Amino acid sequence: MNPAKVRRDRLERLEDLPNIGPAMARDLLSLGIRQPTDLAGQDAYVLYEQLCRQTGLRHDPCVIDVFLSVVRFMDGGPALPWWDYTAERKRALAPSGQR
């Protein structure tokens, strides 16, 4: 993903978001997220749990990183690669004594 190619003024489809391809767009659609603005104010961890419950699968935790990247972007943050959120996710999900 090249963050410089993401244009906030041209966010019409979910695939216009950083880190979102066709498969992740389908996952977001299944969660009721129809357009990029629907992600503003969402909780990436809640979205992940909903996706896991809905599909009956435990998805790779990196999906949380992708959700973090697009929620933060829609809340006004920079367009960053999803892996920039991996350390944050690992800290958030670590047992309380390991943070």
Side-chain angles (χ1 to χ4, degrees):
M1 187 230 19
N2 182 348
K5 290 186 177 186
V6 176
R7 302 240 345 233
R8 286 185 192 275
D9 62 336
R10 293 203 177 155
L11 294 175
E12 298 172 9
R13 303 172 314 122
L14 294 171
E15 291 92 339
D16 295 334
L17 290 163
N19 306 306
I20 301 297
M24 189 60 68
R26 283 190 298 274
D27 288 340
L28 289 169
L29 285 168
S30 75
L31 294 171
I33 305 293
R34 302 280 176 243
Q35 57 195 4
T37 55
D38 293 341
L39 286 159
Q42 294 283 340
D43 183 316
Y45 298 94
V46 170
L47 290 172
Y48 175 78
E49 290 301 326
Q50 288 173 341
L51 181 64
C52 292
R53 260 194 320 276
Q54 182 175 305
T55 61
L57 302 169
R58 198 77 188 151
H59 292 266
D60 189 295
C62 292
V63 171
I64 298 170
D65 305 346
V66 174
F67 287 169
L68 283 167
S69 77
V70 293
V71 167
R72 298 280 173 74
F73 179 73
M74 290 310 300
D75 285 344
L80 298 173
W82 62 265
W83 54 85
D84 279 15
Y85 294 92
T86 302
E88 175 184 339
R89 179 218 351 126
K90 287 181 176 182
R91 281 191 306 274
L93 297 180
S96 58
Q98 296 178 9
R99 292 184 188 171

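Since we're looking at a predicted model, the values are computed, not measured.
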Exercise. To the nearest 0.5 angstrom, please state how far the CZ atom of Arg10 sits from the CD atom of Glu12.
Key: 8.5 Å

Quiz item: Do the side chain of Arg89 and the main chain of Pro61 share a donor and acceptor less than 3.5 angstrom apart?
Solution: yes

Self-check item: Criterion side-chain contact (heavy atoms from CB on, under 4.5 Å) on Leu17 and Met74, from CA distance to verdict
Solution: CA-CA 9 Å; Leu17 290 163; Met74 290 310 300; 3.6 Å; yes

Quiz item: Do Val66 and Leu93 share a hydrophobic cluster, counting only Ile, Leu, Val, Met, Phe, Trp and Tyr and linking them when any side-chain heavy atoms are less than 4.5 Å apart?
Solution: yes

Quiz item: If we only count heavy atoms from C-beta on, is the Arg34 to Leu29 side-chain gap below 4.5 Å?
Solution: yes

Self-check item: Minimal non-hydrogen separation, Asp38 against Gln42, with atom names
Solution: O-NE2, 3.2 Å

Exercise. Find out whether Met24 and Val63 are in side-chain contact, i.e. whether some heavy atom of one side chain is under 4.5 Å from a heavy atom of the other.
Key: yes

Quiz item: Does some side-chain heavy atom of Phe73 sit less than 4.5 Å from a side-chain heavy atom of Leu68?
Solution: no

Quiz prompt | Nearest-0.5 Å distance, CD1 of residue Ile33 to CD1 of residue Ile20 | solution = 10.5 Å

Practice problem: Evaluate the side-chain contact (heavy atoms from CB on, under 4.5 Å) criterion for residues Leu47 and Val71: first the C-alpha distance (whole Å), next the side-chain angles of each, then the deciding distance (0.1 Å), finally the verdict. | Solution: CA-CA 10 Å; Leu47 290 172; Val71 167; 4.2 Å; yes

Quiz prompt | Atom pair CD1/CH2 of Ile64 and Trp82 - distance to nearest 0.5 Å | solution = 12.0 Å

Self-check item: With Gln50, the side chain to side chain contact (heavy atoms under 4.5 Å, CB included) member among Leu31, Asp43, Thr55
Solution: Leu31

Quiz prompt | SB check Glu49 Arg58 (cutoff 4.0 Å) | solution = yes

Quiz item: Is there a side-chain contact between Pro36 and Leu14, using heavy atoms and a 4.5 Å cut-off?
Solution: yes

Practice problem: List the atom of Leu28, the atom of Leu39, and the distance in Å for their closest heavy-atom pair. | Solution: CD2-CD2, 4.1 Å

Quiz item: Would a hydrophobic clustering, with Ile, Leu, Val, Met, Phe, Trp and Tyr connected at side-chain separations under 4.5 Å, put Val46 with Tyr85?
Solution: no

Exercise. Ignoring hydrogens and angles, tell me if any N or O in the side chain of Gln54 forms a donor-acceptor pair with the backbone of Ser30 under 3.5 Å.
Key: yes

Quiz item: Are Asp75 and Arg72 ion-paired here, with the side-chain N under 4.0 Å from a carboxylate O?
Solution: no

Self-check item: Leu80 to Asn19 - nearest heavy-atom pair and separation
Solution: O-ND2, 2.9 Å

Quiz item: Is it true that a side-chain atom of Tyr48 and a backbone atom of Asp65 form a donor plus acceptor pair closer than 3.5 Å?
Solution: no

Quiz item: Any idea which heavy atoms bring Pro18 and Ala79 closest together, and the distance?
Solution: CG-CB, 4.1 Å

